[in-house]
Amino acid sequence: MNLMEKDCIIIGGGPAGLAAAIRLREAGVRDIVVIERERQAGGILRQCIHDGFGLTRFQESLSGPEYAWRFLEKAVDLNIPLLTETTALKVCPDKTVIAVSRRHGWLRLRARAVVLAMGCRERTRGAIGLPGTRPAGVLTAGVAQSYINIHNLMIGRDAVILGSGDIGLIMARRLTLEGARVHAVLEIQPHAGGLPRNIRQCLDDYGIPLLLEHTVVDIRGTGRLESILAAKVDANRNPVPGSEREFRCDTLILSVGLIPENELSLTAGIELDPRTGGAIVDEHYQTSVPGIFSAGNVLHVHDLVDFVSLEAETLAESVAVFLKNGCLESCPIALKAGSGVSYVLPHTISGTREVTLSLRVREPLKPCLITVRQAGGTVLSRRFAKALPAEMIHLPLEAEIVNGRTPLEVTAV
Amino acid sequence: MKTSCVCIICPKGCELEGETDGQEILSLEGASCPRGREYLAQELRDPRRTITSTVLVEGGESPLVSVRLSAPVPKNQIFAVMEAIRRLRVVAPVSLGEVLLPDLLRLGCDLIATHQVFAAEKYGPR
Ligand SMILES: Cc1cc2nc3c(=O)[nH]c(=O)nc-3n(C[C@H](O)[C@H](O)[C@H](O)COP(=O)(O)OP(=O)(O)OC[C@H]3O[C@@H](n4cnc5c(N)ncnc54)[C@H](O)[C@@H]3O)c2cc1C
């Protein structure tokens, strides 16, 4: 197995990987390669045929494939080497990457910097422990989306959707448009998981009921799914006896969360944050292993691809500096998620330049006050008309307001 | 009368609260940009939606090409438009931005490919 030496290897050719590769080239880093598992680059966007992408970045509403194409086209123009149908199997702490490729067989690559941009995967039935039989017709929303939008396979006629995240909502509309009947969307939490605009244009427009504080308590059928039993849940998320309701359906779609795809990060010995499921990073998006960087859905699950691209570009600028100087400015100041905040990124900052914090609130707040404190004093507070767990908040933090090295804490009320 | 709805123009999803006479907006709160008022005015007069879907491709490296409308159509035409999209067959290659059906159902908008599909030979037998 020959060893291929590169300045930078980018693992994953989705929006994050492509944006990072383009910005690296623009910053003068020539010797790079993007490794992509699928036959075509573009990531999850290839199957997201709905529109609503790019409103922040391009001020127009693009479909997923159109958004991806803006980056792919540029990558082609810049002659960025793209190894498609190539899967990275292992990343070593010394930045050797082992991959297997349809065309080239086994590959061993080594780089001075590695960018992790593998995206995320879906939580499955097993992960949430749904009881019942094991018939065909129970599938995750992303898999359903890929069957219908890429492979031209219709998955069923009568569906129930568990989980009200954006993917579940988008699939409710898609199934309806393709002639299936969506009986209900069930959500275990007291509030919807997806964006309000998707509730309106995917459910309300088609009269699909959203049942909050409901879950599936039984799956029935042999061979093919025949029905599911839904029930209301109490404040502790336990089913309320007597509230069960049967829905006859041949399809149950699960939209119950995404998990950053970090198996490779673990092989490299990278430290992960149990709250985000992604790597612990500093303001350069550098992980606990120097020279290995992470951005996009592999770092934390994003709702808007525009911010994935932005994050990857910020990462790429740091990688370019790292390749030039062999190191990056140290980040000794810790950032902590305080009450009301489920997580905040990056985990550490230098305190010498402006950084944009990404965070999510734990529960819907209306209005919402986000406060950054250091050593008991407030250094920044910002008021928002509303804040939802479904919507990531971006908060610029100027260097001047940070004093010394004591940790910063971000809270929301 | 009081009207409240979520603006669907961008991911911000402003909660519009207004006073209307059923046709015209008398007062409006909650919109963080001028598009909120435009949206609500349109929604009262003539609610419209864009549609995205897929069209069957013959002889392509993939069986479908993703499509969208060039402009929103009246809400009550959504299923008629879907039927027209379902009946359509196109032959590869298809390029991104190509008009696959001009002036769809005489609604004044075109059906546009949002992805490209190469002809199957390009990749050889697989
Ligand atoms: C159903 C759905 C609907 C969405 N709707 C919207 C929306 O309306 N608006 C919006 O702005 N955003 C939306 N998003 C979010 C947006 O699509 C994502 O935030 C974005 O695609 C994340 O980009 P990424 O590059 O981090 O990951 P991905 O797009 O997942 O790309 C990761 C890439 O890495 C590759 N890969 C993974 N592991 C390996 C490996 N070991 N070796 C080689 N390659 C590998 C994968 O094949 C993939 O191509 C939606 C997402 C989904 C799933």
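Just so it is clear: chains get the letters A, B, ... in the order the sequence lines come, proteins before strands, and each one is counted from 1. What you see is a predicted model; the values in this text were computed from it and never measured. We use all heavy atoms of the structure for the numbers below, so side chains are in, but hydrogens, waters and symmetry mates are not.
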With chain B, which of A:I49, A:I148, A:L62, A:I150 has the greatest number of heavy-atom pairs at distances under 4.5 Å?
-> A:I49

With a 4.5 Å cut-off on heavy-atom pairs, point out which of A:R174, A:H50, A:K386, A:E391 contacts chain B the most.
-> A:R174

With only heavy atoms counted, which part of [X] is less than 4.5 Å from chain B, the side chain, the backbone, both or neither?
X	value
A:Y206	side chain
A:E178	both
A:L388	neither

Choice from B:C10, B:P63, B:C5 maximising heavy atom contacts with chain A below 4.5 Å | B:C10

Pick whichever of B:V6, B:T50, B:V67 has the most heavy-atom pairs under 4.5 Å with chain A.
-> B:V6

Atom [atom1] in [X], atom [atom2] in [Y]: separation rounded to 0.5 Å?
X	Y	atom1	atom2	value
A:L177	B:I51	CG	CD1	6.5 Å
B:T52	A:I170	OG1	CD1	8.0 Å
B:K12	A:L304	NZ	CG	12.0 Å
A:R46	B:S62	CZ	OG	8.5 Å
B:K75	A:Q201	NZ	CD	10.5 Å
A:E66	B:I112	CD	CD1	8.0 Å

Chain A contact via [X] - side chain, backbone, both or neither, heavy atoms under 4.5 Å:
X	answer
B:I85	neither
B:S53	both
B:T54	both

Above 12 or not: heavy atoms from other molecules or residues under 6.0 Å from CD of B:E83?
-> yes

More than 12 non-hydrogen atoms from neighbouring residues, nucleotides or ligands closer than 6.0 Å to CD on B:E19, yes or no?
-> yes

Do any of residues 191-199 of chain A come closer than 4.5 Å to chain B, heavy atom to heavy atom, and if so which ones, in number order?
-> A:L195, A:P196, A:R197

Side-chain contact test, heavy atoms from C-beta onward, threshold under 4.5 Å: evaluate it for B:F79 versus A:T176 and give yes or no.
-> yes

Given the rule in the side-chain contact (heavy atoms from CB on, under 4.5 Å) test, do B:H115 and A:Q40 qualify, once you have shown the distances and angles that lead to the verdict?
-> CA-CA 12 Å; B:H115 205 7; A:Q40 287 176 354; 3.9 Å; yes

